[in-house]
Amino acid sequence: RLAAILAAAEAQVIDGGFDALSIHGVAKAVDLTPGALYRYFDSKAALIIALTSRVVEGFAHEVHGILRGLPDDQPLQRALAACLAYGELAHEAPHRFGLLSMLLADARVLVPKAATAEPAMSAAAKALDPIVAALDQAMAEQLLSQGESAERAVLILTSCHGVLQLRKQAQRLPDVLNMPKLLRAMLHTLLVGWGAHPERVQMAIDALDAGGPLLGRQGE
């Protein structure tokens, strides 16, 4: 029942944005009374947080699955793979990526109470953990200059998100808006800017591309 509620709420947001989301609308979609739905979520804000947490946790699950197949002694590869997995979310689950995009783009404070927002913030922090760990390891091995790994992880993911916002226009300008190529170029630029040797970064990218289909669709 909880999964059905979240699916109905997600469909409302995808169709009409967060203004279209309502307790009454979701209750009707899953054949519940509003009072019964309130036993699961006591407010619209709680629904938004649950949706956000589900998207972020799905991304974290994807990242952990990819990293399990990579060597522990290749921190640059691991940092790159964790970020490219975000691009995989946009490609494989565009509706959920769109939901996350709406959250980031909406200037309003959709969840005013910090306590209500805490589950989503915890999920976001957990999703950043693999990138932070890879960057910390790269700095320890002097592959990167010293810096704030958490800050860098946020910059990497938000930069990836910015690039991926152009994906709808890719068919019109395929030579310019090649998403896999742009993501790799952006990540290469950031890592080199943080002290990585350009050839090491390129070798890490090439190793990922040779090892599997992780956003390796260069022709799409």
Side-chain angles (χ1 to χ4, degrees), residues 1-69 81-131 153-154 157-158 160-162 164-168 170 179 212-215 217 220:
R1 179 54 64 85
L2 183 61
I5 291 170
L6 290 175
E10 183 177 304
Q12 284 192 8
V13 174
I14 290 169
D15 287 343
F18 287 104
D19 289 331
L21 179 64
S22 72
I23 294 291
H24 282 72
V26 173
K28 183 177 180 181
V30 296
D31 200 24
L32 285 175
T33 65
L37 184 57
Y38 276 116
R39 292 203 297 268
Y40 292 90
F41 298 102
D42 61 7
S43 65
K44 177 177 173 176
L47 256 179
I48 290 173
I49 288 302
L51 286 174
T52 305
S53 298
R54 186 164 75 155
V55 173
V56 173
E57 287 166 1
F59 164 63
H61 179 76
E62 176 80 9
V63 169
H64 285 294
I66 289 168
L67 293 184
R68 278 196 295 269
C83 301
L84 292 176
Y86 191 57
E88 194 76 1
L89 170 68
H91 185 89
E92 299 293 341
H95 293 315
R96 290 190 176 181
F97 179 81
L99 188 151
L100 197 55
S101 296
M102 280 189 276
L103 268 171
L104 294 174
D106 200 318
R108 294 171 297 175
V109 179
L110 298 172
V111 184
K113 293 183 179 179
T116 304
E118 197 278 332
M121 300 308 296
S122 295
K126 190 174 293 185
L128 286 173
D129 282 346
I131 307 173
V154 170
L157 273 187
T158 52
C160 283
H161 192 88
L164 291 166
Q165 292 302 308
L166 300 171
R167 71 194 189 285
K168 288 185 178 180
M179 292 294 102
L214 177 64
L215 210 68
R217 309 175 183 89
E220 291 190 9

Modelled atom types, side-chain donor and acceptor of H161 and Q165, under 3.5 Å: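 Yes, Q165 and H161 have a side-chain donor paired with an acceptor closer than 3.5 Å.
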
Would you compute the distance between atom [atom1] of [X] and atom [atom2] of [Y] and round it to the nearest 0.5 angstrom?
X: I131; Y: L157; atom1: CD1; atom2: CG; result: 4.0 Å
X: I48; Y: F18; atom1: CD1; atom2: CZ; result: 5.5 Å
X: L37; Y: I23; atom1: CG; atom2: CD1; result: 4.5 Å
X: T33; Y: K28; atom1: OG1; atom2: NZ; result: 14.0 Å
X: E62; Y: I66; atom1: CD; atom2: CD1; result: 4.5 Å

ring-ring contact (aromatic ring centres under 6.0 Å, His included) contacts touching residues 36-60 (sequence neighbours left out):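 Residue pairs with at least one partner in residues 36-60: F59-Y86.
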
Closest approach of L67 to A82 (non-hydrogen atoms, all atoms of both residues):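 Looking at all heavy atoms of both residues, the shortest contact is CD2-N, 4.5 Å.
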
Heavy-atom pair of closest approach, residues I14 and H95: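 Looking at all heavy atoms of both residues, the closest pair is CD1-CB, 3.3 Å.
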
What pairs of donor and acceptor atoms, side-chain ones from residues 3-13 against any protein atom, are under 3.5 angstrom apart with sequence neighbours left out?
residue : atom : partner : partner atom : Å
E10     : OE1  : R54     : NH2          : 2.7
Q12     : OE1  : S22     : N            : 3.2
Q12     : NE2  : G25     : O            : 3.2

Atom CG of D15: over 12 foreign heavy atoms under 6.0 Å: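 Yes, CG of D15 has more than 12 neighbouring heavy atoms, counting only those of other groups under 6.0 Å.
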
